[in-house]
Amino acid sequence: MKLEKPNLLYLKNISKGDASFENKIIDILNEEFQEEVNNYYYYFKLKDYNKVKIYVHRIKHKMSILGLEKSYKLTNIFENSIRNLDFENQEYFENMLPIMLQFLKSIK
Amino acid sequence: MKAIIIDDEITARMIIKQVASNIPNLDIIADFSNAIQAIKYLNKNSVDVIFLDIHMPDFTGFDFIESLKNPPKIVLTTSDGNFALEAFEYKFVVDYLVKPVELNRFQKAIDKINTFVLVNEVPERVEQKAEPKDNSKTLYVNIDRRLVKIDIPSIYFIKAKGDYIKIKTETSNHVVHCPLKKIQEKLPNKNFLKVHRSYVINIDKIIDIEDNSVLIKQDVIPVSRVNKNELKRRLNLL
């Protein structure tokens with residue numbers, strides 16, 4: 001499945017040119033994202049799926065901010081499948097993480 | 001119009017504040033990363049509107065709503081569209097915004113707030129929404145407008161059929177208009193497991209397991225391939 005590219009269209013749309021707002025959001029995304037990814041893998045290894053869901057949910061929210069509409073929908077399915085231990089779209093989700101990370105670093 | 005935001009994610013709070021800054025007469029007077037802080041604030045201050053995230057780790061938006069004695073108008077914000085129907089069971093929930101919040105959609109929510117007539121009643125389904133407690137041994141289900149008490153350890157299994165579920169217990173069977181997922185959330189995780197898309201079983205009631213099925217009482221319950229490993233994991237295998 002083709003992976004999406006993140007963008008800042010949504011942020012630009014709501015900021016209405018407020019660069020200070022955009023920069024603050026980008027700083028926070030950068031601060032939080034790596035830690036959330038680490039926590040996701042950490043709790044997955046421990047099979048603590050309640051915690052895994054929390055971090056998938058947070059990363060999903062960041063996908064929505066970064067204009068990743070398809071990834072957001074697929075991650076929503078992944079998030080809901082964790083409860084049943086189905087892990088649908090897990091591979092896609094995990095493949096998106098380095099792409100998001102790289103993008104966030106590039107706009108820092 | 002005075003409003004507060006409750007959301008565990010700082011980016012979500014910032015975004016709502018940003019879009020709210022475009023709305024005349026809407027004043028975001030405080031924002032909170034968890035519901036407990038907000039409850040303390042609301043004990044001393046009144047607000048007209050709460051923008052409330054449903055999906056928070058320890059104390060969900062629904063828990064928060066149930067804790068309020070005189071709720072103001074509430075706009076729910078969430079990344080998960082699956083809660084929409086449940087959200088509108090509460091009379092003071094005015095609107096339901098799916099993240100990421102867009103300005104146009106936010107404006108519509110404000111329009112709804114301005115025309116919404118708040119009925120100050122406790123929601124009818126408050127008791128059904130109580131957080132499942134592992135130590136709770138009873139469950140009340142709504143059958144023909146009566147709340148019928150069910151002893152949770154006595155449940156053999158629950159079977160989904162269309163919009164209904166059948167609860168089979170040691171003493172009786174009940175048919176209830178409710179999704180399987182909803183009742184599963186009310187049952188203790190350590191005893192109850194969804195083994196098939198139509199079945200949640202009480203693990204303590206299993207008599208034996210064979211291939212892709214379990215025997216409970218005299219009923220053979222199918223076990224999906226995807227759920228089989230989890231079932232095995234839960235058993236005290238020799």
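First the proteins, then the strands, lettered A, B, ... as listed; each starts at 1.
- Using a 4.5 Å cut-off between heavy atoms, Ile15(B) touches chain A through backbone and side chain atoms alike.
- Counting heavy-atom pairs under 4.5 Å between each of Glu32(A), Lys16(A), Lys51(A), Lys62(A) and chain B puts Lys16(A) at the top.
- Within 6.0 Å of CG on Asn25(B) lie no more than 12 heavy atoms contributed by other residues, nucleotides or ligands.
- Residue-environment remark: CD (Glu94(A)) exceeds the threshold of 12 foreign heavy atoms within 6.0 Å.
- At a 4.5 Å heavy-atom cutoff, the contact between Asn22(B) and chain A is made by side-chain atoms alone.
- Separating the CD1 atom in Ile28(A) from the CD atom in Glu9(B) is a distance of 11.0 Å, to the nearest 0.5 Å.
- With a threshold of 4.5 angstrom between heavy atoms, Ile25(A) approaches chain B through its backbone and through its side chain.
- Applying the 6.0 Å contact sphere to CD of Gln34(A) captures more than 12 heavy atoms from other residues, nucleotides or ligands.
- The two atoms that bring Phe21(A) and Met14(B) nearest to each other are CE1-O, 3.6 Å, heavy atoms only.
- Proximity to chain A is limited to the side chain of Lys194(B), based on heavy atoms less than 4.5 angstrom apart.
- We find the OG-CG distance between Ser21(B) and Asp18(A) to be 8.0 Å, quoted to the nearest 0.5 Å.
- For chain B, the nearby part of Asp86(A) is the side chain; its heavy atoms alone come within less than 4.5 Å.
- Around atom CD of Glu69(A), no more than 12 heavy atoms belonging to other residues, nucleotides or ligands sit under 6.0 Å away.
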Asn189(B) vs Arg83(A), side-chain contact (heavy atoms from CB on, under 4.5 Å): CA-CA, chis, key distance, verdict: CA-CA 11 Å; Asn189(B) 274 331; Arg83(A) 186 189 171 98; 4.2 Å; yes

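- More than 12 heavy-atom neighbours from other residues, nucleotides or ligands sit within 6.0 angstrom of NZ on Lys70(A).
- Residue Thr77(B) holds its OG1 atom at 9.0 Å from NE2 of His61(A), rounded to the nearest 0.5 Å.
- By the 6.0 Å contact criterion, CZ on Arg197(B) is open, its count of non-hydrogen atoms from other residues, nucleotides or ligands being 12 or less.
- In the displayed structure, Tyr41(A) atom OH is contacted under 6.0 Å by more than 12 heavy atoms of other residues, nucleotides or ligands.
- Only the side chain of Asn13(A) comes within less than 4.5 Å of a heavy atom in chain B; its backbone stays farther off.
- One distance of note links CD1 of Ile14(A) with CG of Leu103(B); it measures 9.0 Å at 0.5 Å rounding.
- Atom NZ of Lys99(B) is separated from atom CE of Met63(A) by 15.5 Å, given to the nearest 0.5 angstrom.
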side-chain contact (heavy atoms from CB on, under 4.5 Å) between His55(B) and Glu79(A), intermediate numbers included: CA-CA 12 Å; His55(B) 209 290; Glu79(A) 184 187 359; 3.5 Å; yes

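- Counting heavy atoms from C-beta outward, Thr11(B) and Ile65(A) have side chains that approach closer than 4.5 Å.
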